[in-house]
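Small disclaimer: the values here were computed from a predicted structure and weren't measured. So that the names make sense, note that chain A is the first sequence line, chain B the second, and so on, each numbered from 1.
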Protein chains: 2
Amino acid sequence: MSEDTETHARLGEIGLTNFAPYLMNRIMGRYNAMIREEMADVGLTTPKMRTLAVLSVVEGPLIRELAVYTVVEQSTLSRALDQLQTEGLIRREADASDSRAVRVFLTDAGRATFETLWPHMATSAARLFKGIPDEEQRAFVATLQKMLANIRKHEI
Amino acid sequence: MSEDTETHARLGEIGLTNFAPYLMNRIMGRYNAMIREEMADVGLTTPKMRTLAVLSVVEGPLIRELAVYTVVEQSTLSRALDQLQTEGLIRREADASDSRAVRVFLTDAGRATFETLWPHMATSAARLFKGIPDEEQRAFVATLQKMLANIRKHEI
DNA sequence: GAAGGATATTTGCATTTGCATTTAATTCTG
DNA sequence: CAGAATTAAATGCAAATGCAAATATCCTTC
């Protein structure tokens, strides 16, 4: 099936505000900017903040897995981990069965730092959904999960 | 109303894959990466590609408006416009009533370039929604529009 | 109508980013 | 089991980014 020969409605016909990727970029652009401004005060960049968030939920992932979860380039992540390690918020640990691989863990200090961050993230997320009924929110998340399954490259 | 004292469910309780901002970042990370890889072949960066896309729909916006639409920092956009102008894809034009302001227009060459890009963008967008019924897609976009209204800082 | 403040864009500069490469270790194949 | 191919992570380096400052213009107010 050659997708090249498919015909698509023009963007002008759909309209920018009916084109889902446009809306999602606009929304996440603002959401991420809000979080970033708040985190900058505490000396955290987006990759560092996301690392803490994911590690609060996922125990000891490999660095390459963490790169997928955080949606951060592996080389960028590697450097973010250097900083977090220096600050004592995470620790790297060699994988038991594969000595190329490195697993990453939150330290107690890292977990404590994330606890102070999370309310800001949760508040921003709640603001996104203000005035949107629970049922609609659940349907929205369900659609997002299907979309991720459609597009993801990695099995995690 | 102090939001600082609100209590939020922990991220661990919600689960990463039920947290909408996480899902949206994962999805748009992959979507944007796919587009970026394809555009790199043609010498277009994300800011340049988005500029062409928005200009195909919005006639002669101010640069600061274009920055909002494209979700690109204004200084970054300014430099992207330099390149697009050099390549003959857009032109800047002084605003009639405010000589500080600059309006941006697609040239014929720019429009032609976008026409070749759009099928890729549309195909990637369609892939996101593969297997998702039309009705669900419409509901999803409607929710996105509400979310944008909730979070946007600018009146455009 | 002049001065002070606001706004639109560009530019200087230091930081961040990402691609490509390197290093190190593992797995596959004949 | 040797050697080739693959994989994980770190690093060198050029390019992209974003903040802050500069420049130019406009608006307000007295």
Side-chain angles (χ1 to χ4, degrees), chain A residues 25 29-30 32-41 43-51 55 60-86 90-105 153-156, chain B residues 25 29-30 32-41 43-51 60-87 90-105 153-156:
Chain A
N25 272 323
R30 284 269 348 114
N32 290 329
M34 284 170 53
I35 301 287
R36 179 153 31 84
E37 282 164 27
E38 287 181 342
M39 297 307 149
D41 304 337
L44 287 173
T45 59
T46 298
K48 288 166 75 178
M49 176 274 288
R50 288 189 184 170
T51 295
L55 290 181
L62 298 177
I63 289 180
R64 94 186 139 71
E65 292 169 344
L66 192 54
V68 174
Y69 285 126
T70 56
V71 197
V72 169
E73 261 286 321
Q74 194 248 314
S75 61
T76 301
L77 179 61
S78 178
R79 285 180 265 247
L81 292 175
D82 290 345
Q83 292 183 37
L84 288 169
Q85 192 166 26
T86 301
I90 61 122
R91 89 191 127 75
R92 285 172 165 107
E93 198 169 295
D95 183 74
S97 66
D98 184 343
S99 63
R100 291 170 306 183
V102 177
R103 295 191 174 276
V104 186
F105 296 86
K153 188 181 187 176
H154 309 275
E155 281 312 311
I156 61 175
Chain B
N25 272 323
R30 284 272 342 116
N32 291 328
M34 282 170 54
I35 302 287
R36 180 152 31 83
E37 282 164 28
E38 287 181 342
M39 297 306 149
D41 304 337
L44 286 173
T45 59
T46 299
K48 289 166 74 178
M49 176 274 286
R50 288 189 185 171
T51 295
L62 298 176
I63 289 179
R64 96 186 137 69
E65 293 170 343
L66 192 54
V68 174
Y69 286 127
T70 56
V71 198
V72 170
E73 261 286 321
Q74 183 168 320
S75 61
T76 302
L77 179 61
S78 179
R79 285 180 265 248
L81 291 175
D82 289 345
Q83 292 183 38
L84 288 169
Q85 192 166 26
T86 301
E87 294 159 10
I90 61 120
R91 88 192 128 76
R92 285 172 165 107
E93 198 169 296
D95 183 73
S97 65
D98 184 342
S99 62
R100 291 169 305 182
V102 177
R103 295 192 174 276
V104 187
F105 296 85
K153 187 182 188 176
H154 308 276
E155 281 312 312
I156 60 176

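Here chain B contacts DNA chain C (any atom closer than 4.0 Å to a heavy atom, that is under 4.0 Å), and the contacts span C:dA6 to C:dC19 from 5' to 3'.
Inter-residue side-chain proximity for B:E93 and B:V102 is flagged as unmet; no heavy-atom pair is nearer than 4.5 Å. At least one side-chain heavy atom of B:M34 sits under 4.5 Å from a side-chain heavy atom of B:R30. The side-chain heavy atoms of B:T51 and B:L84, taken from C-beta on, include a pair separated by under 4.5 Å.
Listed here is the closest heavy atom pair of B:R92 and B:L81: NH2-CB, 3.4 Å. For B:D41 against B:E37, the heavy-atom pair with the smallest separation is OD1-O, 3.5 Å. Of all the heavy atoms in B:T70 and B:L66, the pair that sits closest is OG1-O, 2.7 Å. For B:Q74 against B:I63, the heavy-atom pair with the smallest separation is CG-CG2, 4.3 Å.
The side-chain contact (heavy atoms from CB on, under 4.5 Å) check on A:D98 picks up A:D95, A:R100, A:A101, with sequence neighbours excluded. Looking at residues two or more places apart in sequence or on another chain, you find a side-chain contact (heavy atoms from CB on, under 4.5 Å) between B:T76 and B:P47, B:V72, B:E73. For A:R36, there are no salt bridge (charged side-chain N to carboxylate O under 4.0 Å, His left out) partners, not counting sequence neighbours.
Regarding B:R64, its CZ atom lies at a distance of 13 Å from the C1' atom of D:dC26, rounded to whole Å. Atom CG of A:D82 and atom P of D:dA10 are 7 Å apart (whole Å). For the pair A:E73 CD and D:dT17 P, the computed distance is 14 Å after rounding to whole Å. Across the protein-nucleic acid pair, B:L81 atom CG and D:dA16 atom P stand 15 Å apart, rounded to whole Å. For the pair A:L62 CG and D:dA10 P, the computed distance is 11 Å after rounding to whole Å. Atom pair B:L77:CG and D:dC19:C1' shows a separation of 16 Å (rounding to whole Å applied).
Axis angle across the helix from C:dG1-D:dC30 to C:dG30-D:dC1, with five pairs used at each end and values rounded to 10°: 30°.
Nearer the 5' end of DNA chain C, as judged by each residue's closest nucleotide, is the contact made by B:I63, out of B:I63 and A:R79.
B:R103 comes within 4.0 angstrom of nothing in the nucleic acid, heavy atoms only.
Distances were taken from every side-chain heavy atom of B:P47 (C-beta onward) to each of D:dT17, D:dC19, D:dA9; the shortest belongs to D:dT17.
Using a 4.0 Å cutoff on non-hydrogen atoms, the parts of residues 91-101 of chain B near DNA chain D are B:D98, B:S99, B:R100, ordered by number.
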Practice prompt. Could you walk me through whether A:R50 and A:I35 pass the side chain to side chain contact (heavy atoms under 4.5 Å, CB included) test, one step at a time?
Written response: CA-CA 10 Å; A:R50 288 189 184 170; A:I35 301 287; over 6 Å; no
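For the OP1/OP2 pair of D:dG18 and a distance below 4.0 Å, the side-chain nitrogens and oxygens of B:T76 include at least one atom meeting the criterion.
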